[in-house]
Asks: 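So that we are looking at the same thing, I have put the structure below in structure tokens.
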Amino acid sequence: QVQLVESGGGLVQAGGSLRLSCAASGSIFSINAMAWYRQAPGKQRELVAAISSGGTTNYTDSVKGRFTVSRHNAENIVYLQMNSLKPEDTAVYYCNAEIHEARTMGVYRYWGQGTQVTVSS
């Protein structure tokens, strides 16, 4: 089994910054893509940012220029640096990763438990 543990969420004023971290642990052979999703109250979950094993990134339009996703492969960690935060960024942020398990060599999608980001006006 693999676990994704998120940290870094919290309350911040508009214009401020937060950095989210997601650490994968367990029986891991390799990690393919890692991504951040978010879900605001009354809204569907949306993809915020994604990064491939080779470092290629993709962002939803609303966060381009403000958010940066990166990964430290040796530590199985993905980060989401969030700058110039806006109230509309308020949501629960979820880490997602496609992981080759070392024990079975199967490929599975895993989700973190979510971390709350609240941006005040």
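On a predicted model such as this, the values are computed, not experimentally measured, just so you know.
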Asks: For the CZ atom on Arg109, are there more than 12 heavy atoms of other groups (residues, nucleotides or ligands in this structure) within a distance under 6.0 Å?
Replies: yes
Asks: Decide yes or no for Phe29 and Met105: does some side-chain heavy atom of the first lie under 4.5 Å from some side-chain heavy atom of the second?
Replies: yes
Asks: Check whether more than 12 heavy atoms from other residues, nucleotides or ligands sit under 6.0 Å from atom CD of Gln13, and answer yes or no.
Replies: no
Asks: Tell me whether Arg45 forms a cation-pi arrangement with Trp111, defined as NZ or CZ under 6.0 Å from the six-membered ring centre and within 45 degrees of its axis.
Replies: yes
Asks: Group every Ile, Leu, Val, Met, Phe, Trp and Tyr by side-chain heavy-atom contacts under 4.5 Å, then state whether Tyr37 and Val2 land in the same group.
Replies: no
Asks: So if you build clusters from Ile, Leu, Val, Met, Phe, Trp, Tyr with side-chain heavy-atom gaps below 4.5 Å, do Val92 and Trp36 land together?
Replies: no
Asks: May I have the list of side-chain donor-acceptor pairs in residues 75-86 shorter than 3.5 Å, sequence neighbours left out?
Replies:
from: Gln81; atom 1: NE2; to: Asn83; atom 2: OD1; distance (Å): 3.0
from: Asn83; atom 1: OD1; to: Ser17; atom 2: OG; distance (Å): 2.8

Asks: To the nearest 0.5 Å, what is the distance between OG (Ser52) and CD (Glu98)?
Replies: 11.5 Å
Asks: For a quick test of reading the model, state the closest non-hydrogen atom pair linking Ala50 to Leu47 and the distance between them.
Replies: CB-CD1, 4.3 Å
Asks: CZ of Arg19 to OG1 of Thr68: how many Å apart, nearest 0.5 Å?
Replies: 11.0 Å
Asks: In terms of side-chain heavy atoms, does Thr118 have a donor or acceptor partner in Gln116 at a distance below 3.5 Å?
Replies: yes
Asks: Looking only at heavy atoms, what is the nearest atom pair of Ile99 and Leu4, with distance?
Replies: CD1-CD2, 4.2 Å
Asks: Taking side-chain contact (heavy atoms from CB on, under 4.5 Å) as the test, write out the residues that go with Val5, two or more places apart.
Replies: none
Asks: Could you tell me the separation between the CZ atom of Arg66 and the OH atom of Tyr59, rounded to the nearest 0.5 Å?
Replies: 12.0 Å
Asks: Could you tell me which non-hydrogen atom of Ala24 sits nearest to which non-hydrogen atom of Ile31, and how far apart they are?
Replies: CB-CD1, 3.9 Å
Asks: Is the closest side-chain heavy-atom distance between Ser53 and Arg71 below 4.5 Å?
Replies: yes
Asks: Would you mind telling me which of Asn58, Asp89, Val69, Val63 makes a side chain to side chain contact (heavy atoms under 4.5 Å, CB included) with Val48?
Replies: Val63
Asks: Do the side chains of Val117 and Thr90 get nearer than 4.5 Å, heavy atoms only?
Replies: no
Asks: Mind checking the OH-OG1 spacing from Tyr93 to Thr115? Nearest 0.5 Å is all I need.
Replies: 10.5 Å
Asks: Any chain of hydrophobic side-chain contacts (each under 4.5 Å) joining Val12 to Phe67?
Replies: yes
Asks: If you count the non-hydrogen atoms of other residues, nucleotides and ligands that lie under 6.0 Å from NZ in Lys64, is the total more than 12?
Replies: yes
Asks: So, for Ala91 and Arg38, which heavy atoms are closest and what is the spacing to 0.1 Å?
Replies: CB-CB, 3.8 Å
Asks: So Asn96 and Met34, do their side chains get closer than 4.5 Å, heavy atoms only?
Replies: no
